[in-house]
Amino acid sequence: MSQLSVELPGLQLKNPIMPASGCFGFGREYSQFYDLSKLGAVIMKAATGTERYGNNTPRVAETSSGMLNAIGLQNPGVDKIIANEVPFLAKYDTQIIANVAGSTLEEYENVAAAFNESKHVHALELNISCPNVKEGGIQFGTDPSMAARVTEVVKRASNLPVYVKLSPNVSNIVAMAKAVESAGADGLSMINTITGMQIHLSSKKPLLANKTGGLSGPAIKPVAIRMIYEVSQQVTIPIIGMGGVTNAEDVLEFLLAGASAVAVGTANFQNPFVCVEIIDELPKVLQRYGFSSVKDVIGKGVSV
Amino acid sequence: MSQLSVELPGLQLKNPIMPASGCFGFGREYSQFYDLSKLGAVIMKAATGTERYGNNTPRVAETSSGMLNAIGLQNPGVDKIIANEVPFLAKYDTQIIANVAGSTLEEYENVAAAFNESKHVHALELNISCPNVKEGGIQFGTDPSMAARVTEVVKRASNLPVYVKLSPNVSNIVAMAKAVESAGADGLSMINTITGMQIHLSSKKPLLANKTGGLSGPAIKPVAIRMIYEVSQQVTIPIIGMGGVTNAEDVLEFLLAGASAVAVGTANFQNPFVCVEIIDELPKVLQRYGFSSVKDVIGKGVSV
Amino acid sequence: MIKKEKVVIRASESIALDTIEMVLENVYISETAIPGQFLHIYVDRHTLRRPISIADVNRETKTITVLFKKLGSGTNRLADYHPGMMLDVLGPSGNGFRINREDSTVLLIGGGIGVPPLYNLGKTLAEQGKNIISVLGFQSKEHVFYEQEFQRLGETIIVTNDGSYGETGFVTDVIDSLREYDCYYSCGPIPMLQAVTNRLQTKKGYISLEERMGCGVGACFACVIPTVGEDGYRKICKDGPVFSAEEVKL
Amino acid sequence: MIKKEKVVIRASESIALDTIEMVLENVYISETAIPGQFLHIYVDRHTLRRPISIADVNRETKTITVLFKKLGSGTNRLADYHPGMMLDVLGPSGNGFRINREDSTVLLIGGGIGVPPLYNLGKTLAEQGKNIISVLGFQSKEHVFYEQEFQRLGETIIVTNDGSYGETGFVTDVIDSLREYDCYYSCGPIPMLQAVTNRLQTKKGYISLEERMGCGVGACFACVIPTVGEDGYRKICKDGPVFSAEEVKL
Ligand SMILES: Cc1cc2nc3c(=O)[nH]c(=O)nc-3n(C[C@H](O)[C@H](O)[C@H](O)COP(=O)(O)OP(=O)(O)OC[C@H]3O[C@@H](n4cnc5c(N)ncnc54)[C@H](O)[C@@H]3O)c2cc1C
Ligand SMILES: Cc1cc2nc3c(=O)[nH]c(=O)nc-3n(C[C@H](O)[C@H](O)[C@H](O)COP(=O)(O)OP(=O)(O)OC[C@H]3O[C@@H](n4cnc5c(N)ncnc54)[C@H](O)[C@@H]3O)c2cc1C
Ligand SMILES: Cc1cc2nc3c(=O)[nH]c(=O)nc-3n(C[C@H](O)[C@H](O)[C@H](O)COP(=O)(O)O)c2cc1C
Ligand SMILES: Cc1cc2nc3c(=O)[nH]c(=O)nc-3n(C[C@H](O)[C@H](O)[C@H](O)COP(=O)(O)O)c2cc1C
Ligand code: FES
Ligand code: FES
């Protein structure tokens, strides 16, 4: 097992694989398929201060090697998540990461503070990049100084390590990463979805009720790899990488680019077993490419 | 034919389909496959002030529903293009668009001015967005004021309508579009490639010699549609749309999003006949979705 | 419980315009599926699975029948699969129709490709000795399927929008003139369901809904529908696809 | 001239470790292809076509033979195609080997999956009455293919890196000890070609090169190689894949 293990701030991962936020709910549904204790960690669906219904449907569309989603942060609110969802996940021998979202600085602060009350959450993922929230969440994700501010506020409010989840919809990802690092982020999580749209030919209208949605899946992997490669050379905090991972070779590519752990999102929809299959495959793939452990791979693709 | 025709500044297009810059060379190779007079227009490979060799190889990589390229603007230089390539294309009954690139304002100015000498070029496409040029081309593409400046300089130097080709690698595509519109652009061309990377697992290094490359193909279509949809509502100049087009239904989607014509890039590599097949298919697709002409479709997907 | 299963395609046949009937062999699903549940089918080259209702189950041959319409890229690809090939499906998914012991006559109202789940339901209800009336709407004659199958269950009225077969118009044009029934079950396009539930407000009824899905298991919040009551929403893939007619806001 | 052609797969067989021999039927290509040219093959689910050399041509049966190694996603997928299926190819592509009338003995130096185009060349040279010496390098015994085919053309030396078959080492370890020849032709991995062209600087020689391709027809500038002279570069897909040994910078 130690061949696959990785330590990150607040997280003792038995392996570097975790489902990405929003693609695994709070774990209940996938627990019918396999024992969640196999996972390095679980990143929960975004939590906001109060319950949200989210956007109208349709909320998803299929694209070439990818999909668009505009769920709109539907969730039962942080208190119910702490009361009902975290205890369920805590029964498993895995690490729990809470995805924190909001529309205002205060909401972020409140959600982060609320998770202090839960003994079972190991780290926060600060979602400043959800492109589907209109009230203002988006501005945090594309402006370095706003991103730094929300990071500071959440760091102050929280006892837990904070991984800031970056949006790829920016001109300069390195500037965003450095801004949140300076503001005290313990790690980064990248990338969130790329804003896209599909127009439904028959109705002549955007297919998603929200019009735009976030593009995820294999289509965006090259963008994720590029951003992680660029950022990992400019920051000292670790990166949880994601964007289009579907197999263990993809994981290797993310680790080489400089990620220290890897989240799997969209691929769960196609194959509910994808996370465990990747975990099972990983030792073979490490060996095939001449590595003795996951730690051994991290950042090896970054030029010296 | 008039069912398919479109008029844009400087361009009388018999149909809205043209090969995208860099994916069709200067037309010679594809002229073995079909009569280039069938095309609405041809956008030539980028021209720089003097001959360029470009980046080292490998210059291309395959991705899920897409590809990465880092050609690095290899071209024989504007003078040889005018002397040898434009006359070849001028033999065909189609419109010629010259893609203008450079590393400095002066180079852009010189290339644009040089094309004044060619009677056969109908419009310029100003490439401020090639992500593979290190010397500075890139900065024009992500900073609105720099983009405006190069647009002004080229407009002053040129007698031809100027279509500014926007980079998708920005936080705010609308701001870029408005900046170049104010600076006098006659049209927009969007989108160029999204910067990406692939790491070669065996060599543990970025596969492309240039490390990063531009992502194109169906993978990026949702991003192109979103950006065109957003921009077309905020500018009054027409848009040549591109990014992942492979069939006539894709063309319809771009027109609905607000493009007035559509360029096809990567798809030529898979199917050298793709442009003419799309042109042949287009009347049927227009009819299937209840449109009488291409002009009838433009912008119909944009909410009112 | 939903499982990820391999099913073997035993038959695949076009039974009406753009409509494919596929017989799939799988022990687990054929033994556990109840009427109204669906399969979430992986189609190669497609990111998302396709939800398709279970139209029939045969516990002897261990087969499940699905009927689907070639509408887009995924269903067209699925139509290319031929007998002998395997499909990767999640299922049986969703809740299934609620069957009330006290009902003696039930009305099935199906529209187009919403008809299939009602057949599995109708067969089960018929086995339980209930009287069945079926009203099935289709666009036109070429779209009609399973008329005889439904007739074997009871009185069956076919309605086509263009009058090219059976009655002319919409299913709602004929349901007023039927004899008494205790409960209705309906599946079809949203406008039809809206018309049906409006017209039959005084009746007990169940409707099966469609929505674009991501996960198909309840994890992603793609397929929600607001409820009439205070408790907000339901997930069609997990809490549905069948809801009681007064439970959700169409 | 390159055309976009449909070819029918007549046979597909594994002839060595991860190495597939495929026989393709097509009138136009079998009638026009010359040694050293390649096919640019569309493989479904892949954005880019795969360049594969023509290893043999049979003008009677109207077939072309290609040999390829399963290296990545595209060649693995291609290996799944079975006889009877169609392939969409561009071809014949590239320039082909230059054959000099005055040469009477030629040396073929192939490495691994660089061997196939030399077979088509060797057959053509043999038909023209030239003497042929072949030196073929492979990783190990399981990788060896076409030994007998080359032996039929003339003296053939097999070299394996690990010594599991034939001579041990690299092709360059044996080419010094050969009898006289007028010209050499080589195809294989870049390090081998570098070693060969270095060692045989005084000899007239032609090499066939590989590079990742976009268009495969000369339009995209993906596959360039710098020339030794002033004129800059060549496109491997269009000006090549064969170059004279002193023309390009490896
Ligand atoms: C619970 C349930 C049961 C269903 N049962 C049947 C059935 O028995 N027979 C049948 O023919 N159809 C059924 N449908 C509809 C069927 O899922 C869609 O027709 C199908 O997914 C369309 O896929 P496509 O690739 O052809 O279309 P595309 O438009 O190419 O699909 C693009 C995306 O949209 C989704 N999508 C498109 N239309 C629908 C729709 N109406 N409902 C849900 N998702 C959609 C697709 O799943 C895919 O993710 C059912 C849907 C649901 C939700
Ligand atoms: C002119 C020419 C002739 C060739 N002849 C043969 C032959 O007869 N038999 C044979 O087995 N191989 C031959 N090759 C190499 C063959 O093209 C590659 O092995 C193949 O493209 C790899 O594809 P893949 O999907 O398996 O690998 P992947 O690594 O998945 O391919 C990814 C991308 O890289 C490209 N690529 C990877 N390796 C190479 C390479 N060595 N050369 C060119 N492109 C590459 C692929 O075409 C694809 O675009 C030839 C190459 C060229 C240029
Ligand atoms: C349906 C869906 C819902 C998502 N919801 C969230 C969310 O609530 N919070 C968040 O930070 N990211 C969310 N994401 C983004 C993913 O966590 C991930 O960053 C992105 O999808 C890229 O990974 P993938 O390509 O593996 O899916 C969501 C993605 C999808 C597809
Ligand atoms: C190999 C290659 C070379 C390209 N060269 C240029 C170029 O010289 N100038 C330019 O403006 N765009 C260039 N592009 C970008 C395309 O013109 C187009 O904007 C982009 O590829 C998106 O369209 P597509 O998805 O249809 O390929 C190039 C693209 C490719 C794939
Ligand atoms: S499809 Fe994911 S919750 Fe229903
Ligand atoms: S592959 Fe396009 S020029 Fe050679």
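Naming convention: chains lettered A, B, ... in sequence-line order (proteins, then strands); numbering from 1 in each chain.
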Let me confirm one number: the CG-CG distance from B/Asn55 to B/Asn210, rounded to the nearest 0.5 Å. 4.0 Å

Taking the side chain as every heavy atom from C-beta outward, state whether A/Gln198 and B/Pro222 have any atom pair closer than 4.5 Å. no

Between B/Leu256 and chain A, with a heavy-atom cut-off of 4.5 Å, which part of the residue counts as in contact: side chain, backbone, both or neither? both

Side chain / backbone / both / neither for A/Leu252 at chain B, heavy atoms under 4.5 Å: both

In Å and rounded to the nearest 0.5 Å, what is the SG to CG distance from A/Cys23 to A/Asn268? 6.5 Å

Would you check if B/Pro168 and A/Ile194 make a side-chain contact, meaning some heavy-atom pair closer than 4.5 Å? no

Report, in residue-number order, which members of residues 284-295 of chain B are under 4.5 Å from chain A by heavy-atom distance. B/Tyr289, B/Phe291

Distance-only side-chain donor-acceptor flag, B/Ser216 / B/Thr266, under 3.5 Å: yes

Min side-chain heavy-atom separation B/Ile278-B/Val245 under 4.5 Å: yes

Give, as side chain, backbone, both or neither, the part of A/Glu249 having an atom under 4.5 angstrom from any heavy atom of chain B. both

Region of A/Thr63 that comes under 4.5 Å of a non-hydrogen atom in chain B: side chain

If we define contacts as heavy-atom pairs under 4.5 Å, which of B/Ile225, B/Val297, B/Ile228, B/Ile173 has the most with chain A? B/Ile225

Specify which of B/Ser171, B/Gly196, B/Gly244, B/Ala219 makes the most heavy-atom pairs with chain A at under 4.5 Å. B/Ser171

Taking the side chain as every heavy atom from C-beta outward, state whether A/Gln3 and A/Pro283 have any pair of such atoms under 4.5 Å apart. yes

Chain A shares the most heavy-atom pairs under 4.5 Å, among B/Asn172, B/Leu215, B/Ile199, B/Ile220, with B/Ile199

Using 0.5 Å steps for rounding, measure from the CZ atom of A/Arg149 to the CG atom of A/Leu105. 5.0 Å

Among A/Leu166, A/Asn169, A/Asn127, side chain to side chain contact (heavy atoms under 4.5 Å, CB included) partner for A/Asn192: A/Asn127

